[in-house]
> 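Following this message is one structure expressed as structure tokens.
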Amino acid sequence: MDAGLAEVVAAETVLSDVDGAAGRLVIRGFDVGVLAQRAAFEDVAALLWDGFLPRVRDLPAAFGAARVRMFARLPDFGDLDDVEALRAALARVRDGDDLGVALDLAAMSAVATAAIARTRRGRTLIAPDPSLSQAGDCLRMMLGRDPAPAETSALDAYWATVCDHGLNASTFAARVVASTQAGLASAVIGGLCALKGPLHGGAPGPVLDMLDAIGAPENAEAWIDAALARGERLMGFGHRIYRVRDPRAEALAAALRRLPRAAGRIAFAEAIEKTALTQLRARYSGRALDTNVEYYTALLLDALGAPRETFTCLFACGRVLGWIAHAREQVMTRRIVRPQSRYVGPAPDAEAA
Ligand code: ACO
């Protein structure tokens with residue numbers, strides 16, 4: 001028994017393959033670096049959903065129409081934090097297993113994330129433009145201006161990089177929910193709830209907090225040493241599967257380098273990364289700890305002007321494609337996920353019985 005189910009194979013999938021020893025991620029036959037360079041969000045949706053949902057001739061237009069529908073259904077976010085607000089927005093999507101539900105969930109993720117970012121900054125909401133791509137429109141609704149082509153392609157690269165990743169915690173959660181035939185909306189909300197935690201999709205905001213707290217490369221050694229001595233985990237490092245650098249970190253660093261405003265920040269982040277890795281390796285010599293996807297996610301999303309509190313929602317906007325594909329794949333097995341537990345509690349009280 002392993003509480004983390006590390007060695008358990010709980011699904012067969014055609015969607016993605018994570019090779020932790022080689023540092024390789026293949027998504028439906030494509031290396032993640034290639035996908036990040038070439039595929040827009042809509043291409044990734046077509047790739048992941050193929051065989052699981054009916055094909056759509058004009059997917060960008062279908063997503064555009066769905067964004068307009070979802071904008072009209074946005075809830076009042078009240079005092080909810082960002083992921084809670086996205087959860088409330090996704091809860092407005094009717095449940096079901098069809099293409100319409102899938103489109104609405106992906107569209108709602110982008111529309112609500114942009115609206116949550118605007119609300120956080122006290123700005124009025126901007127309605128979708130269905131003629132734009134999902135990445136371009138999400139940035140426009142979030143920033144209140146037309147994004148530069150390099151910004152749109154950076155967000156596409158980010159979403160391609162995080163669209164799917166084997167049986168990670170949120171995807172497993174989505175598959176468990178889907179296995180009960182609860183519907184795609186329930187599965188996606190289940191996935192989002194698992195993504196929220198700081199050990200999974202909640203890490204990139206704290207990565208920026210860490211970089212801000214360190215302030216300058218010369219402070220890194222003392223700051224990191226003190227954090228590790230307190231038993232804290234360094235956000236953006238370590239992974240259950242990867243024993244070498246997460247290949248997504250490189251795909252995102254490459255996308256980041258293409259953004260004109262990011263140059264100074266990259267040099268600073270690389271210096272901190274080097275110090276962190278030296279210290280982690282010295283402290284955990286028996287364990288290969290390396291940089292994970294969240295480190296460069298934080299820098300990329302920051303360079304795109306997204307508020308750090310909204311980073312997890314932007315992660316969900318990409319991963320929603322994988323959650324949906326996995327949910328459909330699980331439903332097609334017609335098998336409910338129901339593992340066993342070993343009872344280690346008290347024996348029944350013989351006298352009381
Ligand atoms: N900083 C400091 N110590 C660490 C870190 C870290 N980032 N990662 C692992 N360790 C330590 C653990 O404390 C553990 O030590 P212990 O046995 O004394 O408790 C040892 O290294 C081995 O840990 P692993 O078995 O490699 O970690 P596990 O597989 O349980 O957890 C996880 C993986 C949750 C990602 C972990 O590395 C972590 O907490 N990282 C920081 C948070 C983070 O960046 N999360 C995003 C992950 S990527 C994603 O989900 C999209």
Side-chain angles (χ1 to χ4, degrees), residues 1-8 16 18-21 23-25 27 32 36 83 158-174 191-211 213-214 220-221 223-253 269 272-302 308 311-323 326:
M1 210 288 296
D2 168 9
L5 303 182
E7 300 303 326
V8 177
S16 60
V18 186
D19 181 339
R24 184 142 198 238
L25 168 60
I27 298 170
V32 68
V83 179
Y158 172 59
W159 281 344
T161 304
V162 299
C163 68
D164 197 42
H165 198 241
L167 212 54
N168 60 87
S170 59
T171 300
F172 184 49
L192 177 67
C193 291
L195 186 75
K196 177 174 185 276
L199 299 191
H200 188 12
V207 167
L208 274 195
D209 296 339
M210 177 180 79
L211 294 178
I214 292 173
E221 202 164 326
W223 193 96
I224 291 169
D225 195 41
L228 292 177
R230 288 192 300 272
E232 288 174 16
R233 291 192 176 200
L234 298 183
M235 293 293 139
F237 297 92
H239 199 273
R240 172 58 59 82
I241 307 284
Y242 291 118
R243 293 293 153 248
V244 293
R245 200 164 192 257
D246 185 330
R248 298 169 300 172
E250 193 40 52
L252 292 178
I272 307 302
E273 182 185 7
K274 213 169 146 199
T275 309
L277 290 176
T278 307
Q279 295 215 18
L280 282 171
R281 282 165 191 166
R283 199 169 278 259
Y284 299 101
S285 50
R287 187 78 176 147
L289 293 173
D290 216 314
T291 316
N292 68 43
V293 65
E294 301 289 36
Y295 194 75
Y296 284 95
T297 288
L299 295 158
L300 185 84
L301 296 182
D302 187 48
R308 66 186 68 182
F311 286 0
T312 307
C313 297
L314 280 162
F315 188 158
C317 290
R319 184 57 61 85
V320 69
L321 296 178
W323 290 334
H326 274 275

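Every number for a ligand or one of its atoms is a count from 1 in the order of the listing.
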> Do Tyr242 side-chain atoms and Val18 backbone N/O form a donor-acceptor pair below 3.5 Å?
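Absent.
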> Stepwise, does the side-chain hydrogen bond (donor to acceptor under 3.5 Å, both in side chains) test hold for His165 with Ser16?
CA-CA 6 Å; His165 198 241; Ser16 60; over 6 Å; no
> Assess the side chains of Glu221 and Thr275: does a donor N or O sit below 3.5 Å from an acceptor N or O?
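Judged by distance alone, the side chains do not pair up.
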> If we count only N and O atoms by modelled type, under 3.5 Å, do the side chains of Arg319 and Asn168 hold a donor and an acceptor together?
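Result is yes, a qualifying pair exists.
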> Heavy atoms under 4.0 Å from ligand 1: which residues qualify?
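Close residues (ligand 1, cut-off 4.0 Å): Pro198, Leu199, His200, Ala203, Leu228, Glu232, Arg233, Leu234, Met235, Gly236, Phe237, Gly238, His239, Arg240, Leu280, Tyr284, Arg287, Leu289, Asn292, Val293, Glu294, Phe315.
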> Taking Asp2 for the side chain and Ala6 for the main chain, is one N or O donor matched with an acceptor at less than 3.5 Å?
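Answer holds: yes.
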> Please determine whether side-chain hydrogen bond (donor to acceptor under 3.5 Å, both in side chains) holds for the pair Tyr284 and Gln279, giving the CA-CA distance in whole Å, both sets of side-chain angles, and the decisive distance to 0.1 Å.
CA-CA 8 Å; Tyr284 299 101; Gln279 295 215 18; over 6 Å; no
